[in-house]
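Per chain, numbering begins at 1; letters A, B, ... match sequence-line order.
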2 protein chains.
Amino acid sequence: MSAQEIIRELHSCNVRVTPQRLKILSYLKGTDTHPTAEEIYQNVSENCYGLSLATVYNTLNLLKEHNLVLELKYGDLASRFDGNVMEHYHVYCKKCGKVSDFMGSPVNEVKLEAEEATGFAIESVRLDLYGYCGRCQTKHDA
Amino acid sequence: MSAQEIIRELHSCNVRVTPQRLKILSYLKGTDTHPTAEEIYQNVSENCYGLSLATVYNTLNLLKEHNLVLELKYGDLASRFDGNVMEHYHVYCKKCGKVSDFMGSPVNEVKLEAEEATGFAIESVRLDLYGYCGRCQTKHDA
DNA sequence: TTAGCTGCAAACTATTTGCCCTAAG
DNA sequence: CTTAGGGCAAATAGTTTGCAGCTAA
């Protein structure tokens with residue numbers, strides 16, 4: 001995703017474009033490692049002199065509100081962020097903490113069931129699968 | 001679920017039975033409100049004089065490790081806990097924060113797809129649906 | 001008897017906020 | 001030129017931990 005496209009995305013949300021926001025969002029759109037705020041800060045700082053961690057948090061909250069990024073909370077401490085906002089799911093390794101994306105069959109039926117059963121109007125879904133990644137499977141001592 | 005049954009559950013995990021643990025687990029098994037640690041503390045304190053919040057946290061962590069309770073983290077700050085550990089899903093109201101249980105079709109196919117696509121060995125699933133509860137649907141200003 | 005638990009308070013960590021200045025529009 | 005945003009440091013909130021006395025087994 002080019003810088004121009006990202007600028008357009010920000011404009012379309014009536015969000016003022018700043019170098020910090022541009023770089024943070026670009027970074028997130030260009031990785032699939034689901035970094036934490038701290039990791040984003042480390043990486044983006046490299047070409048954004050003087051960037052502060054508070055700005056990273058503020059920016060992530062802003063982007064989140066406009067559905068430009070996803071926040072993923074796992075059992076561990078720091079939230080992880082995902083620049084891919086298309087419906088997709090995640091697998092989480094209980095041993096090493098690795099998070100991988102996974103495109104699965106949409107779970108629309110479940111959405112409908114939920115609306116009927118609970119009376120909620122469902123807008124979005126989050127599906128996480130917990131287990132052990134290939135690397136950790138052999139050596140995991142439950 | 002009777003106190004006797006809860007004691008048996010704790011024993012079967014080689015967990016020492018204390019009044020605090022008994023009361024916290026009983027409370028969680030007997031509610032479907034997905035309380036936070038603070039709420040558990042408030043409620044259990046009423047008939048457990050001198051209970052401390054740290055004990056609530058320690059106990060919840062212990063129960064979690066033994067899969068006797070589930071921890072649910074949402075966008076808001078405090079984790080919520082669920083004493084129902086059978087596979088079921090949750091709907092979360094983006095307006096008022098209410099969390100309801102929902103028994104849906106098991107998503108086993110998705111589990112298999114994920115194992116094939118990612119090479120992970122999947123052990124458990126968490127499916128959350130986000131939207132607006134009946135009460136909040138009429139008055140939500142997106 | 002004794003390993004493990006509790007309560008308390010202090011520590012810790014992720015995240016948020018207030019203030020002042022800079023920069024986007 | 002005007003107002004939102006950035007940087008910094010201090011504040012906050014949820015959660016964890018160290019320690020000393022207590023208790024379940």
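Defining each end axis of the helix from C:dT1-D:dA25 to C:dG25-D:dC1 as the rotation carrying four pairs' C1' atoms onto the next four, with five pairs an end, the two axes are found to diverge by 50° to 10 degrees.
Phosphate contact (OP1/OP2 of D:dT16, side-chain N/O of B:Tyr57, threshold under 4.0 Å): absent. OP1 or OP2 of C:dT15 has at least one side-chain nitrogen or oxygen of A:Ser79 nearer than 4.0 Å. Taking 4.0 angstrom as the limit, A:Thr18 places a side-chain polar atom (N or O) nearer than this to OP1 or OP2 of D:dG6. In this structure, A:Gln20 reaches the D:dG7 phosphate: one of its side-chain N or O atoms is under 4.0 Å from OP1 or OP2.
Using modelled atom types and a 3.5 Å distance limit, the side chains of B:Glu113 and A:Ser105 yield a donor-acceptor pair. A:His90 and A:Asp82 share a donor-acceptor pair across their side chains, judged by distance under 3.5 Å alone.
Between C:dT16, D:dT16, C:dG7, one nucleotide has an atom nearer to the side chain of B:Leu51 than all others, and that is C:dG7. Comparing D:dG7, C:dG7, D:dT15 against the side chain of B:Ser52 picks out C:dG7 as the nearest. When distances are taken from the side chain of A:Thr55 to each of C:dT15, D:dG6, C:dG25, the shortest belongs to D:dG6. Closest to the B:Ala54 side chain, of the nucleotides C:dT15, C:dC8, C:dT17, is C:dC8. The side chain of A:His11 sits closest to C:dG25 out of C:dG25, C:dT17, C:dA14.
A:Leu62 has its CG atom 10 Å from the C1' atom of D:dG5, to the nearest Å. With rounding to whole Å, A:Arg16 atom CZ is found 9 Å from C:dA24 atom P. Rounded to whole angstrom, the span from the OH atom of B:Tyr41 across to the P atom of D:dT15 amounts to 15 Å. Put simply, NE2 on B:His66 is 14 Å from C1' on C:dC5, counting in whole angstrom units. In this structure, CG of A:Leu60 is placed 16 Å from C1' of C:dT17, rounded to the nearest angstrom. The distance from atom CG of B:Leu53 to atom C1' of D:dT15 is 8 Å, rounded to the nearest whole Å. Put simply, CG on A:Asn14 is 12 Å from C1' on C:dG25, counting in whole angstrom units. Distance NZ (A:Lys23) to C1' (D:dG5): 15 Å, rounded to an integer number of Å.
As judged by a 4.0 angstrom heavy-atom cut-off over every strand, B:Asn58 is placed among the base-contacting residues.
Proximity of B:Val99 to B:Val91: side-chain heavy atoms (C-beta onward) are nowhere separated by under 4.5 Å.
Atom CZ of A:Phe81 sits about 10.5 Å away from atom OG1 of A:Thr59, to the nearest 0.5 Å. Between the CG atom in B:Leu25 and the CG atom in B:Leu60 there is a gap of 9.5 Å [rounded to 0.5 Å].
Between A:Arg126 and A:Asp128 there is a salt bridge, with a side-chain nitrogen of the basic residue lying less than 4.0 Å from a carboxylate oxygen of the acidic one. The pair A:Glu71-A:Lys73 counts as a salt bridge, with a side-chain nitrogen and a carboxylate oxygen less than 4.0 angstrom apart. Remark: A:Glu87 engages A:Lys111 in a salt bridge, criterion side-chain N to carboxylate O under 4.0 Å.
Positionally, the nearest nucleotide of DNA chain D for A:Arg21 lies more toward the 5' end than for the other of B:Glu71 and A:Arg21.
For residues 25-37 of chain A, proximity to DNA chain C is found at no residue, defined as any non-hydrogen atom under 4.0 angstrom from a strand atom.
Under the 4.5 angstrom side-chain criterion for Ile, Leu, Val, Met, Phe, Trp and Tyr, A:Leu112 has no cluster partners at all.
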(request) Tell me, with the steps shown, if B:Tyr41 and B:Leu51 meet side chain to side chain contact (heavy atoms under 4.5 Å, CB included). (result) CA-CA 8 Å; B:Tyr41 170 65; B:Leu51 178 68; 4.3 Å; yes
